[in-house]
There are 2 protein chains.
Amino acid sequence: MTKNKQEDILDAALLLFATRGFDGTTVPMIAERAKVGAGTIYRYFENKESLVNALFQKCVMELSETIKKDFPISNGDIREQFRHIFKRMFNFAKKDINGLLFVDSHSGARYLNDQSKKLFADFLDFLRILLENGKKQGMICQLPSEALISIVYGAFVRLYKVIQTGVLEETPELLKGVEECCWNAIRVH
Amino acid sequence: MTKNKQEDILDAALLLFATRGFDGTTVPMIAERAKVGAGTIYRYFENKESLVNALFQKCVMELSETIKKDFPISNGDIREQFRHIFKRMFNFAKKDINGLLFVDSHSGARYLNDQSKKLFADFLDFLRILLENGKKQGMICQLPSEALISIVYGAFVRLYKVIQTGVLEETPELLKGVEECCWNAIRVH
DNA sequence: ATAGTCGGAATGAATATTCATTCCGCTATA
DNA sequence: TATAGCGGAATGAATATTCATTCCGACTAT
């Protein structure tokens with residue numbers, strides 16, 4: 001028996017939302033996986049939408065903190081900052097692949113509330129500002145930051161989707177190679 | 001009044017599946033958008049799953065044909081082939097953004113049948129073989145082709161997701177820049 | 001007229017949500 | 001220490017709603 005039912009519910013919901021999506025997941029499914037009664041879920045969350053928003057915010061904050069912790073801001077070396085972000089993204093994906101896939105597949109969903117949207121927008125803003133800096137320094141190629149983020153983030157997430165299907169194995173060499181590829185994608189040549 | 005109700009149904013379903021997902025789209029929604037009765041849908045498709053599979057196969061075939069038509073196989077110049085693929089992908093996205101997003105978000109869905117899965121796998125195989133060639137020629141970096149495809153395809157699709165939200169505008173310069181970025185991501189340096 | 005097509009109300013299964021009841025741990029009392 | 005009483009947590013059956021699918025009367029083209 002675990003102490004915290006709310007966590008059990010969030011864990012179960014995360015797995016299911018990440019693999020089946022919000023609409024493909026029923027509340028009884030979540031209850032069964034969390035080993036609680038269906039009604040118990042409504043003691044902790046107002047409804048299914050509240051649950052998905054709470055979970056989304058939790059995951060985005062964890063992702064955001066993972067990246068911002070010990071961020072090498074001081075010298076402003078973009079290459080180093082990029083490496084840091086990638087390393088932390090890899091760590092996050094390794095620790096919580098469902099969190100990564102859930103955030104990706106649900107950012108922009110119609111049932112997200114304003115707070116959820118803002119939290120995710122803030123996360124992207126952090127990345128955007130870094131890229132703007134890099135462009136000023138002449139290190140990063142002159143495309144809209146939104147496009148550069150799409151390229152790197154899109155590549156990263158899809159890689160992990162494929163890894164999760166088992167088609168591709170996550171090895172240090174692979175991750176190192178992918179990091180280089182993504183850097184090469186956005187740097188000035 | 002259009003002549004072909006089946007097409008009306010497929011068009012409506014495409015828009016809805018692309019924006020709300022399979023589970024978030026109800027059959028009556030499709031009927032309303034297609035301006036047909038709900039029952040009419042069942043004259044053309046056995047059930048909702050048949051419909052999504054038919055649509056998926058149609059979109060994948062169109063995407064595949066778009067790319068394979070006039071494909072520069074003869075000389076085997078990888079750079080040129082890459083440019084061709086990107087150009088055609090841009091065209092496809094421009095003509096049928098929902099088709100692109102639908103295929104992306106539904107490849108790998110649990111309700112796809114074997115035929116749908118195979119069709120999509122064949123499409124990826126085509127790309128894989130090209131990359132293998134490029135690697136042999138020393139033009140493409142030595143990572144698993146699945147990873148390289150993830151990087152380029154992931155970047156491409158996410159870019160269009162962002163474009164569709166209106167955050168980013170699709171201009172010739174942007175597309176040219178993104179094509180270069182993606183090529184830089186996978187080429188040997 | 002009639003064969004084929006269509007629309008959309010009707011149906012029943014699935015789903016989110018509620019709520020009466022049970023359960024559990026704590027405290028006050030003897 | 002033993003026990004009865006209390007309050008909040010948990011439950012899952014019951015309810016209300018939504019949805020995929022069916023069915024049949026109406027319509028259309030021949």
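Numbers restart at 1 for each chain; the letters A, B, ... are given by sequence-line order, proteins then strands. Excluded from the calculations below are hydrogen atoms, water molecules and symmetry mates; all remaining heavy atoms, backbone and side chain alike, are included.
Taking the side chain as every heavy atom from C-beta outward, A/Ile85 and A/Phe71 approach each other to under 4.5 Å.
The shortest non-hydrogen separation linking A/Thr25 to A/Ile30 is CG2-CG1, 3.7 Å. Between B/Phe56 and B/Val103 the shortest heavy-atom distance is CE1-O, 3.8 Å. Closest non-hydrogen pair, B/Asp23 versus B/Lys48, comes out as CA-NZ, 4.4 Å. Pairing each heavy atom of B/Cys181 with each of A/Leu143, the nearest pair is SG-CD1, 3.7 Å. Annotation for B/Asp8 and B/Ala34: closest pair O-CB, 3.5 Å, computed over non-hydrogen atoms. Among all heavy-atom pairs drawn from A/Tyr111 and A/Asn53, the shortest one is O-ND2, 3.0 Å.
Between B/Asp70 and B/Arg88, at least one side-chain nitrogen of the basic residue sits less than 4.0 Å from a carboxylate oxygen of the acidic one, meeting the salt-bridge criterion. Ion pairing between A/Lys161 and B/Glu146 fails under the 4.0 Å rule for side-chain N and carboxylate O. Salt bridge A/Arg158/B/Asp104: present, at least one basic N to carboxylate O contact under 4.0 Å.
Listed nucleotides C/dT15, C/dG7, D/dA20 differ in distance to B/Lys5; the shortest reach to its side chain belongs to C/dG7.
In this model, the phosphate group of C/dG7 is not approached by any side-chain N or O of B/Lys35 to a distance below 4.0 Å at OP1 or OP2.
What separates CG of A/Asp23 from P of D/dA20 is a distance of 11 Å, to the nearest Å. B/Asn4 has its CG atom 15 Å from the C1' atom of C/dC6, to the nearest Å. To the nearest angstrom, P of C/dG7 lies 13 Å from CD of B/Glu32. In this structure, B/Ile9 places its CD1 atom 13 Å from P of C/dG8, rounding to the nearest Å. Following rounding to the nearest Å, A/Arg43 (CZ) and C/dC19 (P) show an atom-to-atom distance of 14 Å. The OH-C1' distance, from B/Tyr44 to C/dT5, rounds to 7 Å in whole Å.
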Show each protein N/O and nucleotides 10-13 of chain C N/O combination with a separation under 3.5 Å, one pair to a line.
none

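Among the protein residues, B/Phe45 comes within range of no part of the nucleic acid, since none of its heavy atoms lies under 4.0 Å from any strand.
Separating the CD atom in A/Glu180 from the NE2 atom in B/His189 is a distance of 9.5 Å, to the nearest 0.5 Å.
For residues 14-22 of chain A, proximity to DNA chain C is found at no residue, defined as any non-hydrogen atom under 4.0 angstrom from a strand atom.
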What does nucleotides 21-30 of chain D look like as a protein-contact string, B for base, S for sugar-phosphate only, - for none, at under 4.0 angstrom between heavy atoms? BBB-------

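Nearer the 5' end of DNA chain C, as judged by each residue's closest nucleotide, is the contact made by B/Gly37, out of B/Gly37 and A/Met29.
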